[in-house]
Number of protein chains: 2
Amino acid sequence: MTLSEEDYIKAIYHLSKDEQKGVSTNAIAAQMDTKASSVTDMIKRLAEKKVVHYKKYQGARLTEEGKAYAAKIIRKHRLWEFFLVEKLNFSWDEVHDIAEELEHIKSDKLIEKLDTFLDYPRIDPHGDPIPDSNGNIKKVEKTLLSSIKKGKKGIVVGVKDSSSEFLRYLDKLNIALGEEITVLNKEPFDNSVLIKLNDSEINISAMTANNIFLKTN
Amino acid sequence: MTLSEEDYIKAIYHLSKDEQKGVSTNAIAAQMDTKASSVTDMIKRLAEKKVVHYKKYQGARLTEEGKAYAAKIIRKHRLWEFFLVEKLNFSWDEVHDIAEELEHIKSDKLIEKLDTFLDYPRIDPHGDPIPDSNGNIKKVEKTLLSSIKKGKKGIVVGVKDSSSEFLRYLDKLNIALGEEITVLNKEPFDNSVLIKLNDSEINISAMTANNIFLKTN
DNA sequence: AATAATTTTTAGACAAATCTAAAAATTTGT
DNA sequence: ACAAATTTTTAGATTTGTCTAAAAATTATT
Ligand SMILES: [Mn+2]
Ligand SMILES: [Mn+2]
Ligand SMILES: [Mn+2]
Ligand SMILES: [Mn+2]
């Protein structure tokens, strides 16, 4: 499988999280930042390699083989991210692009030895679960901050958007994985949320609140 | 620079070690396991990118920029090899192919942080020097075992051939970096060498002796 | 149900990196 | 010095992954 094919498999995997139908050509094109025509070409190639099911105008759906392949790439991506943060002291907003390259390194032995070296981490720097060596992904229980009721609290366990811009903004707000957040008030006018964090009160926009995951006991 | 271009730059660098003239098209083709016509195409592309000097029928010669680029790729290759052996417990015969991929990961920050994490190693698992962040390579003083006089001794500091086959053979003979070897006798008939290693005497072929580097006092 | 809007596919082109076969240049041998 | 051998380059084709423009199919609107 080429680097490009692997990135498409991963994109289809992520997009089919919500969708139970096939993933649309346009959705893949948007995710991959490419043209619909390129996507059609690629889906056909992937179908020939038996990693997706494809029928004209019906979108793409991963086969079991395709899902296993996706899990493996995601495992590599997240293990490398963990390595970069925990061992090389990168911050959580710097690691995604590098892991995007590292995830394509071919050796199976490498990834198992890396896993051992890191002592079998289960969660990556953004709170996302790391698939195990059999490709099983443990679902993490989490709720969007935007849908938490006034007066309730929770621990930050993940982010929906993991762009550097957003992560650096969270750093500025001192919001990190493991922090406790209490929802003090929700403003109906613009859906902004007043939260308590480390004894200080801050107001965050609906958009920000919609990209932070909490675990509520 | 593409992965392929980087591999060509590295090949030309290694081949120009001995050669003071340009490196021949055929020599590059042999090293890269490709056809002479492909090499000609690539040299032209590299010349356009100003990393090699090229005149028809005169072979390829790296520019200063090309040499700096080569040193950087070799730095990355050897740092990753060191990481794989020292941190992930790979053996010295397993790391070359993986490093061949890892050396192309783009981030400068990654390689500087890796260097720091590894505590600035100067020698890779095969005894080859690791270029520093400015691309300077410290020449290691070393002599081929095959050219060491009877009665003299030295410490193993490197190998000329670093194929897995050869390295695994050395493992079998218990020859590793740091071991002391004394030349007890040289057989004129086939140039084989009788050596003392850890109080045992073993006989090695001329070919083997010609691929082991020693440092003599 | 017909038309309009949108999505998806096809057709044709292009750049990168490779190949084979043939031509051109250089080097070697006598 | 000239023919033969070798090396190198060119010409033309192929594969991968991409693009634009246009055609075809599907979905939405009236
Ligand atoms: Mn990727
Ligand atoms: Mn992540
Ligand atoms: Mn390489
Ligand atoms: Mn090495």
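So that the names make sense, note that chain A is the first sequence line, chain B the second, and so on, each numbered from 1.
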Legend entry - ring-ring contact (aromatic ring centres under 6.0 Å, His included) contacts in which one or both residues fall within residues 88-108 of chain B, not counting sequence neighbours: B/His77-B/His96

Legend entry - Phosphate-side-chain proximity, A/Asn26 and C/dT8, N/O vs OP1/OP2 below 4.0 Å: yes

Inset, instruction - Identify, with sequence neighbours excluded, every residue that meets side-chain contact (heavy atoms from CB on, under 4.5 Å) alongside B/Asn134. - result: B/Asp132, B/Asn136

Legend entry - Pairing residues for B/Asn191 by the side-chain hydrogen bond (donor to acceptor under 3.5 Å, both in side chains) criterion, not counting sequence neighbours: none

Inset, instruction - Take atom NZ of B/Lys44 and atom C1' of D/dT8, then tell me their distance rounded to the nearest Å. - result: 10 Å

Legend entry - Which residues share a salt bridge (Lys or Arg N to Asp or Glu O under 4.0 Å) with B/Lys186, sequence neighbours left out: none

Legend entry - Any residue meeting side-chain contact (heavy atoms from CB on, under 4.5 Å) with B/Asp97, in chain and number order, not counting sequence neighbours: none

Legend entry - Whole-Å gap separating C1' (D/dG17) and CG (A/Asp7): 13 Å

Legend entry - Distance, rounded to the nearest Å, where A/Tyr54 contributes OH and C/dT10 contributes C1': 10 Å

Legend entry - Global bending angle along the helix from C/dA1-D/dT30 to C/dT30-D/dA1, which compares the axes of five pairs at either end, to 10 degrees: 0°

Legend entry - Between D/dT7 (C1') and B/Ile43 (CD1): distance, integer Å: 12 Å

Legend entry - Listed partners of B/Ser16 passing side-chain hydrogen bond (donor to acceptor under 3.5 Å, both in side chains), at least two apart: none

Legend entry - salt_bridge(B/Glu48, B/Arg45) N-O dist < 4.0 Å: no

Legend entry - side-chain contact (heavy atoms from CB on, under 4.5 Å) involving A/Gln31 - partner list, sequence neighbours excluded: A/Ala11, A/Leu15

Inset, instruction - Indicate for each nucleotide in nucleotides 17-28 of chain C, in 5' to 3' sequence, whether protein heavy atoms under 4.0 Å reach the base (B), only the sugar-phosphate (S), or nothing (-). - result: SBBB---BSS--

